[in-house]
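Throughout, protein chains are lettered first and strands after them, A, B, ... in sequence-line order, and every chain is numbered starting at 1.
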Amino acid sequence: MQLSDKYQPQEIEDKWYEYWIENKFFHSTPDSRQPYTIVIPPPNVTGMLHMGHMLNNTLQDVLVRRARQKGLNACWVPGTDHASIATEAKVVAKLASEGIQKKDLTREEFLRHAWEWKEKHGGIILKQLRKLGASCDWDRTCFTMDDTRTEGVLKVFCDLYEKGKIYRGVRMVHWDPKALTALSDEEVVYKESQGKLYYLRYMLEGSDRYLVVATTRPETILGDTAVCLNPKDPRYADIPENARVMVPLVGRSIPVIRDEYVDIEFGTGALKVTPAHDVNDYMLGEKYGLETIDIFNDNGTINDKVGLYVGMDRFECRRVIENDLQNAGLLEKVEAYTNNVGYSERTGVAIEPKLSMQWFMSMKEISKPATKAVLEDVIKFVPEKYKNTYRHWMENIKDWCISRQLWWGQRIPAYYLPKGGYVVAPTSEEALRLAREKSGNPNLALSDLRQDEDVLDTWFSSWLWPISVFDGIRNPDNEEIKYYYPTNDLVTGPDIIFFWVARMIMAGYEYRQLPPFRNVYFTGIVRDKLGRKMSKQLGNSPDPLELIKQYGADGVRVAMMLCTSAGNDLMFDEALCEQGRNFGNKIWNAFRLVSGWQVDKTKPQPEECRKAVEWFTHKLNRAALEMNANFDSYRLSDALKTMYSLFWDDFSAWYLEIIKPQYQCPIDGRTLEETKNFFEKLMELMHPFMPFITEEIWHAIRERGEKQTIVLARQMEAEQIDVTLLERFTLLEEVVTNIRNIRKQNNIPQRESLRLKLISDENYPEEFESILLKIGNLSSIERVSQGETLDQGFIVKTTQYFVPQSQSVDKEKLRAELEADLKYQEGFLRSVMAKLTNERFVNGAPKAVVDKEYAKKSDSEAKIAALREQLEALK
RNA sequence: GGGAGUUUAGCUCAGCUGGUUUAGAGCAUCUGCCUUACAAGCAGAGGGUCGGGGGUUCGAAUCCCUCAACUCCCACCA
């Protein structure tokens, strides 16, 4: 078999993915095994894979694949989110490009277009995930708006309504004038914006005096219904109790009220009150029974309530009004001002606070068990710091605005009766029954009822995800939900901790009395190597599929894993993909080496091979243990690094070099067998990180029956580890390194053998002498009592070694090196002695620590003595 | 305004409950090698007063205080 000396991932990745799918290795059904479940954070149905998804899904896949190999019944449920507002915006834009306006369509027509769009673009992202190697159970793919999930959502809505937890009412909400819908608090992002502070004159009625009011939004004067002063403000002490002022330009007379809410320090200490367009003003309006004048149309233009600036956009109006105020002499001054303005998370336009009729969900009660679960670690957050963030939000939770003035989504199952009032029911039939009952009119027809026009917030379906994917809302007693729920790990970004994580926990306790998952692993944000967020505008976001094409899925996965640690942002650098690809190549070539060996089964196992096998057995066991510990504490990057260095440094650079037979000589059967065994175990341990190459090699290294797969291969259980053996081997490594250094310093090629002399003591790893002879390419190892003039010496721990030189060595250089070493050792010894001569240390520190210091002291002294001897010999 | 986090080698980060050296890794750099698995490689080397200052301790990168810089979250005084 001729194997390329470069690993070509593209040639094997698709092949194995198909193999896995065909054989349903990722498919899970309940059985007697313990389950391990992850539900995917559903990406937007029409979205494209970006680097955040790559990170997030690589992590999930690593966790799932490892669980599967540990013999658990692993189930990773994939799916997509209908992403109400985002998808509707895309469909509206697409229609607009075809000259179709949404307002010209009926709801049914629009939804037809939307579903068409979904069928065409939906699920691309799930196909992309396969390229990454994601081992999802695709048979279970769900959509937040498919029939099952929708039924569940409606059932929950009705249930919460009946429990009195969902109510309808007029409230001040965040209004998105572009998407024409209300938003929840969480969908608003505040950004610092450069604005102006306008000082306006409000003339006092029946007087020449005026009050100066500072505002950032002069256009809202159209809706002013009062001016408010602080009662303690001495500047306004002489303003009469029942004073009234004229709204500039508008000429409306409004009262001057007094409330301590007003900050004396800010602006002029006088506040204009616009109850329809500011949350705080709204509260003042409630308190003082002020009139509420809504001056905006839904799209942010001025309506005809006041009769001025009608139809003008709010920002245009601001400019024009500034000019008009100026001309009317009502503008005192304008200052530059930086303030925080809320923007719609989805459409990016400035939010307009708006008074409107919406559906809300009371959160106070439902949040209680959810708060407790996290604080008491029933659900563990990794990293823990997010517990604080979570607690703070939960303890100050506000009611959730769940209605959206959109069409793409689950329509609110409330039906209005012709003569007022409404009923809530999961189906129109049920609604009709209730309506007849409520109205006392048995002849009421379905056509008499009018269903609420609004749909539900997308998160009102995704908060049920861990339950609804197992149909646990509609059929709470089904086998699947009982088996898979609670799920194990959730991997997601901290940016949706409130949107999604917190609400899922609430739903979990409300509908299953159990948490939805046991652990939440929060990833960081993927940034570029300069630390900037990835964005389309900057063009700094690589195309994940392009990366996979170039470096292989395994390579990109390794790149993601190398730079991630829970909760910390990661600086992604394409160089990491290169490193990942190179690692794959390294594995590939190690395999080429081993697979190319001829075997002679009659040949006895050489001593150095026997010792190497013994050593690597322990090395492998220790790494496996370390990796387990890393996984247990979600240090996934460290888990990979452990395997990376085990394979590259210990297995390739040491083990394979030791057992490698002479050119064109066969290897003995036993060593080959044990080496294949190691290789196989290494592949199994690394499989969660690099699923494709490990499967390829796992099959190539041994005869495998049909339908066998590394995906289901049980990972080795780590055994007893001989720590002393491993430590003594590092002494050997140091000796070899020193010999290599001497070769390099004296330009002695590796193929030229050397003699080695040593003054043997307990720190000479003589049990590995056969290895030393081979790796050092030594012709002999001789025990002596001292070195000679022509020898170049070195010391490992306390043992002195000498390499006889044919020609004279650079004594000055040698002496300088030995002296530097001596200086370091003396300094070190001093620091040890400082402790040991300190009575408080000797008496105060634990015995083990003190003993360690004594050991350091004697080692150091021995080494110093050896160094002095060698320096003496140099003279 | 409130809170959280970060600061260790040129870069990215480990360093977990204070004691394995006078601080580690990977990448990058430098030197020598196309040695028969791998130049996507091998062998070796250099590089840090652990953000500044103070304190606790026999002992501090690690604990406490303080200052500084950066990042994020929450709140939203017009």
Touch class at under 4.0 angstrom, heavy-atom based, for [X] against every strand present:
| X | answer |
| --- | --- |
| A/Asn568 | sugar-phosphate |
| A/Phe572 | nothing |
| A/Asn585 | base |

Between [X] and [N], does any side-chain N or O lie under 4.0 Å from OP1 or OP2?
| X | N | answer |
| --- | --- | --- |
| A/Lys586 | B/A40 | no |
| A/Asn582 | B/G26 | no |
| A/Arg592 | B/A37 | no |
| A/Thr737 | B/G44 | yes |
| A/Tyr386 | B/C73 | no |
| A/Lys6 | B/G41 | no |

[atom1] spacing across the pair [N] / [M], given as an integer number of angstrom:
| N | M | atom1 | result |
| --- | --- | --- | --- |
| B/C70 | B/C64 | C1' | 23 Å |
| B/A78 | B/C73 | C1' | 25 Å |
| B/G3 | B/C65 | P | 13 Å |
| B/A37 | B/A45 | C1' | 26 Å |

Would you state whether a donor and an acceptor, one from the side chain of A/Arg581 and one from the base of B/A40, lie under 3.5 Å apart?
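It does, because a donor-acceptor pair links the side chain of A/Arg581 to the base of B/A40 below 3.5 Å.
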Taking N and O atoms by type only, does the side chain of A/Glu657 place a donor or acceptor under 3.5 Å from a partner on the base of B/A37?
yes
State the pairing partner of B/A68; accept Watson-Crick or G-U wobble contacts with both distances under 3.5 Å, and report none otherwise.
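Because both required distances fall under 3.5 Å, B/A68 counts as paired with B/U7.
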